Amino acid sequence: MVQETKALTFSEIANIPGVKGMWCLFLTSCAIEYTCGGWGSAFLVEYRHMTAEQAARILMFYYIGMAVGRFLSGVVAAWLDSWRIIQLGQVILGMAIIFLFLSGDSYLAAIGFLMAGLGNGPLFPNFNYLTPQNFGADVSQSVMGTQMAASYIGIMLAPAVCGMLGQFADMGIFPVYVLFFYVVLMVSSWKVRHVLA
């Protein structure tokens, strides 16, 4: 039997418990993903005084981490539920941010960016996967549309704001900026799980 879907207005979607928290999760995970990809090399060159070649090699590890993280999240889904995968990713991402603060050494920088990709990689697909479970299959299409909008806000605005802050201060702001979004991500995750429990 095919599940009948409901078309909801934006205000109706916003009033569903947990939806606003999920918007924050999508926005922050995408903000971290695109800020790391867009400004990671500038941080290494301008603040850590690495060569452009070194920075490019190190940033390659970030994208490897993203790919591996998303691949492994699909593999381990046979044994772990999506929230557990998300929690593991968040722990790895938190460890990665510590390495970003210590990234004066090229090896530590490579580890930090690799772990940032590895930790953040599973978040977006698992947040999407949880939508019918969180809000019901009948409204999941409407909710998912707003979640994608939140993602695009993070993708468009977060890297741009990071660049502006880097111009006014310096690119040493980069790990602090990523940490800010990580804290919002963790608080939002806790609130969403509390609301949906």
Side-chain angles (χ1 to χ4, degrees), residues 10-11 13-43 59 61-70 73 82-83 85-97 100-101 112-132 134-135 140-169 171-193 195-196:
F10 180 80
S11 61
I13 296 167
N15 286 325
I16 298 173
V19 163
K20 293 185 184 76
M22 288 304 300
W23 290 347
C24 284
L25 293 179
F26 275 88
L27 190 154
T28 51
S29 65
C30 288
I32 292 169
E33 178 178 340
Y34 283 83
T35 299
C36 286
W39 291 105
S41 58
F43 164 69
L59 202 63
F61 285 98
Y62 171 69
Y63 289 107
I64 290 171
M66 287 289 298
V68 172
R70 288 194 169 150
S73 75
S82 288
W83 278 118
I85 296 169
I86 289 166
Q87 286 176 328
L88 288 172
Q90 289 171 333
V91 169
I92 295 169
L93 183 56
M95 294 169 61
I97 293 171
L100 294 181
F101 276 100
F113 278 99
L114 176 68
M115 291 179 68
L118 190 64
N120 201 41
L123 301 187
F124 182 88
N126 280 282
F127 290 152
N128 265 321
Y129 181 78
L130 282 168
T131 304
N134 288 341
F135 306 111
S140 62
Q141 288 184 5
S142 295
V143 172
M144 197 171 289
T146 63
Q147 291 176 162
M148 293 303 100
S151 301
Y152 292 131
I153 291 171
I155 290 168
M156 290 186 298
L157 293 185
V161 172
C162 184
M164 287 188 290
L165 290 173
Q167 285 183 329
F168 285 115
M171 284 312 296
I173 198 72
F174 171 78
V176 178
Y177 190 75
V178 173
L179 176 62
F180 166 77
F181 282 107
Y182 178 74
V183 171
V184 177
L185 173 76
M186 295 303 292
V187 172
S188 300
S189 183
W190 179 84
K191 285 186 176 180
V192 165
R193 296 207 67 185
V195 168
L196 297 177

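Note that this is a predicted model, so its numbers are computed, not measured. Start at 1 with the first residue, then count along the sequence.
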(request) To the nearest 0.5 angstrom, please state how far the CD1 atom of I173 sits from the CG atom of L165. (result) 6.0 Å

(request) Give the minimum heavy-atom separation between I155 and C30, together with the two atoms involved. (result) CG1-CB, 3.8 Å

(message) Can a donor-acceptor pair be found, under 3.5 Å and without considering hydrogens, that links the side chain of S73 to the backbone of R70?
(response) yes

(request) Flag the pair I86 / L130 as yes when at least one side-chain heavy-atom distance between them is below 4.5 Å, and no otherwise. (result) yes

(message) For the CG atom of L27 and the CG atom of L185, what is their distance to the nearest 0.5 Å?
(response) 10.5 Å

(request) Just grab all the side-chain hydrogen bond (donor to acceptor under 3.5 Å, both in side chains) pairs involving residues 142-159, residues at least two apart or on different chains. (result) W23-T146, T131-Q147

(request) Drop me the distance from N134's CG to R193's CZ, to the nearest 0.5 angstrom. (result) 9.5 Å

(message) Is there a side-chain contact between F26 and M148 in this structure, where contact means two heavy atoms from C-beta onward sitting under 4.5 Å apart?
(response) yes

(message) Under the rule for side-chain contact (heavy atoms from CB on, under 4.5 Å), what residues qualify as partners of A158, not counting sequence neighbours?
(response) A31, T35, Y177, F181

(request) First locate atom CH2 of W190, then atom CD of Q90, and finally report the distance between them rounded to the nearest 0.5 Å. (result) 14.0 Å

(message) With a sphere of 6.0 Å drawn around CD of Q87, does it hold more than 12 non-hydrogen atoms of other residues, nucleotides or ligands?
(response) yes

(message) Do L59 and Y62 have side chains that approach each other closer than 4.5 Å (heavy atoms only, starting at C-beta)?
(response) yes

(request) Return the minimal non-hydrogen interatomic distance between P122 and G119, and the atom names on each side. (result) CD-O, 3.3 Å

(request) Tell me, please, which residues at least two apart from W83 pass ring pair (Phe, Tyr, Trp, His ring centres under 6.0 Å). (result) none

(message) If you count every heavy atom of other residues, nucleotides or ligands that lies below 6.0 Å from F127 atom CZ, does the total exceed 12?
(response) yes

(request) State, to 0.1 Å, how close S188 and G21 come at their nearest heavy-atom pair, and which atoms those are. (result) CB-O, 4.0 Å

(request) Kindly give the heavy-atom pair with the smallest separation between W39 and P159, and that separation in Å. (result) NE1-O, 2.7 Å

(request) Compare all side-chain heavy atoms of L123 with those of L25 and state whether any distance is below 4.5 angstrom. (result) no

(request) List the atom of S82, the atom of N126, and the distance in Å for their closest heavy-atom pair. (result) OG-OD1, 3.1 Å

(message) With a 3.5 Å distance limit and no angle check, can you tell me whether N120 reaches the backbone of L93 through a side-chain donor-acceptor pair?
(response) no

(request) Give the minimum heavy-atom separation between A14 and K20, together with the two atoms involved. (result) O-NZ, 2.6 Å

(message) Classify the ring geometry of F43 against F113: parallel below 30°, tilted from 30° to 60°, perpendicular beyond 60°.
(response) tilted

(request) With sequence neighbours excluded, give me every salt bridge (charged side-chain N to carboxylate O under 4.0 Å, His left out) pair touching residues 141-167. (result) none

(request) Mind checking side-chain contact (heavy atoms from CB on, under 4.5 Å) for M95 and listing every partner two or more places apart, or none if nothing turns up? (result) V91, M115

(message) Distance check, rounded to the nearest 0.5 Å: Y63 atom OH versus L114 atom CG?
(response) 14.0 Å

(request) For L179, enumerate each residue passing the side-chain contact (heavy atoms from CB on, under 4.5 Å) test, keeping only those at least two apart in sequence or located in another chain. (result) I97, F101, Y182, V183

